[in-house]
J.: 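Take a look at the following structure, please.
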Number of protein chains: 2
Amino acid sequence: MAGSTLRDVARRAGVSIRTVSNVVNGSVPVSEELRTRVQAALDELDYRPNLVARNLRRGRSGMIALVVPELDVPYFAELAREVITAARAHGYVVMLDQTDGDGERERELLGRESRATMFDGLLLSPLTISAEELRSRTNRVPVVLLGEHIFNGSFHHVAIDNVAAAREATEHLLGLGRRRVAAIGDQPYSTGETAQLRTIGYRQALERAGHAVDEELIVPTQRFHRHLGAQAMEHLLALPEPPDAVFCYNDLLAIGAMRAAARAGVRVPDDIAVVGVDGIQEGQYSSPSLTTVAPDKAEIARTAVGTLLGVIDGSAPPPTETKAPHRLLVRESTVGVGGAGP
Amino acid sequence: MAGSTLRDVARRAGVSIRTVSNVVNGSVPVSEELRTRVQAALDELDYRPNLVARNLRRGRSGMIALVVPELDVPYFAELAREVITAARAHGYVVMLDQTDGDGERERELLGRESRATMFDGLLLSPLTISAEELRSRTNRVPVVLLGEHIFNGSFHHVAIDNVAAAREATEHLLGLGRRRVAAIGDQPYSTGETAQLRTIGYRQALERAGHAVDEELIVPTQRFHRHLGAQAMEHLLALPEPPDAVFCYNDLLAIGAMRAAARAGVRVPDDIAVVGVDGIQEGQYSSPSLTTVAPDKAEIARTAVGTLLGVIDGSAPPPTETKAPHRLLVRESTVGVGGAGP
DNA sequence: TGCGCCTTTTGCAACGATGCAATAGCTGAG
DNA sequence: CTCAGCTATTGCATCGTTGCAAAAGGCGCA
């Protein structure tokens with residue numbers, strides 16, 4: 001009862017292997033008589049094509065891999081969902097792997113013994129790996145980068161305009177009349193530049209509004225997790241002159257920050273307004289609900305998958321830099337219960 | 001510069017294909033001289049084994065698939081993380097797919113043209129598909145079920161003890177002196193029985209404590225999402241005699257319920273205590289933080305992967321029913337800020 | 001010197017499918 | 001009645017790798 005092959009079916013139907021293959025694929029015309037006979041044999045033996053063999057012969061696997069730092073970070077989970085959906089629309093399936101933001105694992109993924117050759121292409125959301133490294137290791141596999149920008153123009157890349165997103169978030173806070181706006185999530189020493197771009201946007205907003213940047217209010221965090229947001233917030237609240245608003249570089253930091261505020265008896269948004277980035281579902285149901293800059297994840301996924309498939313079939317232009325749309329979702333964490341949106 | 005093969009390397013090194021293969025695999029001894037010569041050729045050509053070909057020959061892919069209803073449901077994302085980790089420990093990688101709880105998609109996954117044959121095994125968290133269907137469609141691929149129990153003993157299955165989990169959650173509420181304990185999330189008409197088991201546990205707790213079950217307080221929901229939890233809570237709060245505690249069948253429902261309570265000006269836990277199931281990270285940082293019955297996801301993943309690999313290599317016993325451990329994490333949503341744990 | 005034994009290296013077939021080109025079978029025109 | 005021209009069917013080679021078993025080479029021992 002182990003998987004039957006074309007040969008088994010052919011033998012049973014009394015035809016050649018090739019004819020069975022033709023029936024299965026439907027590309028070549030087959031006479032009505034043989035078709036039914038073969039079909040019967042297919043059914044009786046419950047034939048399932050061996051996709052590994054098919055892939056070998058066709059030189060395509062129909063699989064792409066999506067590599068993210070952590071799957072249990074809601075942003076990546078929600079993005080993964082969209083990527084799977086987008087890939088399915090093109091008949092592709094998605095392998096998921098996570099690197100835990102560990103450079104070793106990222107490298108391993110591209111190394112000699114990696115499984116990368118099993119996939120037609122790679123969607124990569126790198127955290128620590130650098131540009132040259134990436135290039136030297138991926139001369140075979142088509143790659144599209146998500147989120148993190150890597151400087152030299154050797155890769156296709158899809159992300160939101162991080163500077164603009166951060167600027168808009170900060171301007172929103174300033175527009176509400178907040179005067180001491182802090183920032184949580186800078187990563188001045190990281191290879192990834194997302195955080196740095198957001199810091200630039202934050203500074204731009206302050207400067208354009210004619211405010212001085214108080215370096216004390218820019219709190220770096222190693223990574224973008226809830227507990228680090230909480231720590232950072234505790235630090236800010238302990239300042240002699242605490243902020244009245246915080247721009248967090250992602251929603252998890254913001255949620256951690258709100259939690260710390262609640263614990264300290266500081267009211268959001270009355271005492272301190274909070275805004276995040278990512279537009280994760282969690283922020284809709286937090287108390288208060290979270291104002292956030294939401295990237296259009298479905299659009300990011302569609303663009304990334306589309307570009308990757310273009311690279312795979314050779315129809316893609318040279319590496320492009322695609323900016324995906326984002327928008328500010330205003331909720332209770334900045335405007336209170338009165339003015340909240342969805 | 002398209003991928004070089006064993007043949008290319010062999011030609012360049014002036015040896016047979018087989019010898020190159022031996023060097024690459026290291027299983028058969030190769031003389032020092034040839035080894036270095038071959039190694040040089042490997043490096044110069046940047047040889048990467050074609051895993052599709054290797055898999056075809058070896059009859060194994062080293063991949064398992066994990067199929068969940070929705071990847072952006074935190075429980076599944078967190079579980080997926082653990083599964084990926086557990087699989088990696090055995091040298092396996094994980095393909096992820098989601099069915100959106102759509103029976104069609106679940107069936108498609110197992111159907112004739114499915115990619116299931118590409119994987120050595122399947123971890124399946126089914127929502128709607130029934131037992132016979134599953135059995136009739138998976139006579140080839142090794143399968144282990146996660147979460148949902150399917151009655152007849154034809155599949156390996158890993159889950160927590162849902163009755164006990166629900167009972168403990170409810171008992172916790174009763175132990176706090178709550179008298180009108182509601183339940184959100186029953187699914188009396190669903191094929192999956194998780195919800196039904198939790199209802200049984202809920203009833204058990206009430207009955208053992210000598211309370212009558214008020215059917216009005218059992219609110220069914222189509223699925224386990226935040227907004228449905230919120231709806232259910234609104235319904236409960238509108239009752240002539242609203243409950244003073246709610247057992248929600250998962251954390252998302254609970255978070256939605258807490259949100260609805262907050263919006264209605266009802267305090268948690270003072271006016272109404274809330275407990276969920278799943279132990280997702282989100283519940284640690286909600287305000288108030290969420291009391292929950294947390295399954296040991298890492299253990300579930302390890303057991304499931306271990307069992308599946310056992311089925312794959314034929315060393316597994318007949319289908320087993322494995323109960324994974326769970327524990328009650330008491331937090332603010334039931335005991336307030338004073339007695340909260342992590 | 002010759003034989004057997006051990007080690008290294010190799011050739012061939014196979015995994016299961018599909019591309020290509022040739023064959024078999026048929027029709028209709030001349 | 002023959003032959004071109006078409007369609008349905010087939011055989012063979014191939015994708016890149018590995019299992020198997022035989023060949024080649026080296027060595028010690030009788």
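In the text below, chain A, chain B and the rest are named by the order of the sequence lines, each starting its count at 1.
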J.: How about B:L122 and B:I64: do any of their side-chain heavy atoms sit closer than 4.5 Å?
T.: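 No, their side chains stay 4.5 Å or more apart.
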J.: Using modelled atom types only, decide if a donor and an acceptor are shared between the side chain of B:D72 and the backbone of A:A77 within a distance under 3.5 Å.
T.: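 The answer is no, because no donor-acceptor pair under 3.5 Å joins these two groups.
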J.: Rounded to whole Å, please give me the gap between CG in A:L56 and C1' in C:dG19.
T.: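 So the two atoms are 13 Å apart, to the nearest Å.
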J.: Quick one, B:H225 and B:E70 - any side-chain contact, counting heavy atoms below 4.5 Å?
T.: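 A side-chain contact exists here, since the closest heavy-atom pair is under 4.5 Å.
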J.: Rounded to the nearest Å, what distance is computed from the CZ atom of residue A:R11 to the P atom of nucleotide D:dG11?
T.: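 Rounded to the whole Å, the gap is 13 Å.
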J.: OP1 or OP2 of D:dC15 sitting under 4.0 Å from any side-chain N/O of B:N50?
T.: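 Indeed not, no polar side-chain atom of B:N50 lies that close.
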J.: For A:L6 and D:dC12, give me the distance from atom CG to atom P, rounded to whole Å.
T.: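 Atom CG in A:L6 sits about 17 Å away from atom P in D:dC12.
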J.: Using a cut-off of strictly less than 4.0 Å, decide whether B:S21 has a side-chain nitrogen or oxygen near OP1 or OP2 of D:dT18.
T.: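 The answer is yes; a side-chain N or O of B:S21 sits under 4.0 Å from OP1 or OP2.
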J.: Please determine whether any donor N or O and acceptor N or O are separated by less than 3.5 Å between the side chain of B:R54 and the base of D:dT17.
T.: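 Counting by modelled atom types and ignoring angles, no donor-acceptor contact under 3.5 Å is found here.
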J.: Quick one: which of D:dT18, D:dT10, C:dT8 gets closest to the side chain of A:S16?
T.: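 When the side chain of A:S16 is considered, D:dT10 is the closest of D:dT18, D:dT10, C:dT8.
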J.: Polar atoms only, N or O, under 3.5 Å: list the protein pairs with nucleotides 20-25 of chain D and their distances.
T.:
{"from": "D:dC20", "atom 1": "N4", "to": "B:R18", "atom 2": "NH1", "distance (Å)": "3.3"}

J.: How long is the line joining OH of B:Y47 and P of D:dG16, in whole Å?
T.: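 Checked: the OH to P distance equals 10 Å.
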J.: Got A:P325 and A:I160 here, is their nearest side-chain heavy-atom distance under 4.5 Å?
T.: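 Answer no - side chains too far apart.
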J.: Ignoring the backbone of B:R57, work out which of D:dT17, D:dT9, C:dG16 is nearest its side chain.
T.: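 Of D:dT17, D:dT9, C:dG16, D:dT17 is nearest to the side chain of B:R57.
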J.: If the condition is side chain to side chain donor-acceptor pair (under 3.5 Å), which residues does B:S125 pass it with, not counting sequence neighbours?
T.: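 If we apply the side chain to side chain donor-acceptor pair (under 3.5 Å) test to B:S125, skipping adjacent residues, there are no hits.
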J.: Tell me: CZ of A:R60 to P of D:dG16, nearest whole Å?
T.: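 Roughly 15 Å, once rounded to whole Å.
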J.: What nucleic acid atoms does A:N22 come within less than 4.0 Å of, heavy atoms only: base, sugar-phosphate, or nothing?
T.: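 Base: the residue A:N22, judged by heavy atoms under 4.0 Å, touches a nucleobase.
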J.: Round to the nearest Å and state the distance from A:R48 atom CZ to C:dA17 atom C1'.
T.: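 Distance check: A:R48 CZ to C:dA17 C1' gives 17 Å.
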J.: For B:T19 and for A:A53, find the nucleotide of DNA chain C with the closest heavy atom, then tell me which residue's nucleotide is more 5'.
T.: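 Taking each residue's closest nucleotide, the earlier one in sequence belongs to B:T19.
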J.: For B:R11, check salt bridge (charged side-chain N to carboxylate O under 4.0 Å, His left out) against everything at least two apart and list the hits.
T.: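 So B:R11 forms a salt bridge (charged side-chain N to carboxylate O under 4.0 Å, His left out) with B:D8.
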J.: From CD1 of B:I17 over to P of C:dC12, roughly how many Å is that when rounded to an integer?
T.: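 Between P of C:dC12 and CD1 of B:I17: 11 Å.
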J.: Backbone N or O of B:T322 within a donor-acceptor pair of the B:T320 side chain at under 3.5 Å?
T.: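 Judged by distance alone, no pair lies under 3.5 Å.
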J.: Using whole Å, what does the distance between atom C1' of nucleotide D:dT7 and atom CG of A:L34 come to?
T.: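 A:L34 atom CG is separated from D:dT7 atom C1' by 13 Å.
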J.: Can you find a side chain N or O atom of B:T5 that sits less than 4.0 Å from OP1 or OP2 on D:dG16?
T.: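 The answer is no; no side-chain N or O of B:T5 sits under 4.0 Å from OP1 or OP2.
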J.: For B:V28, report the nucleic acid contact type (base, sugar-phosphate, nothing); a contact means any heavy atom under 4.0 Å.
T.: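 Base contact.
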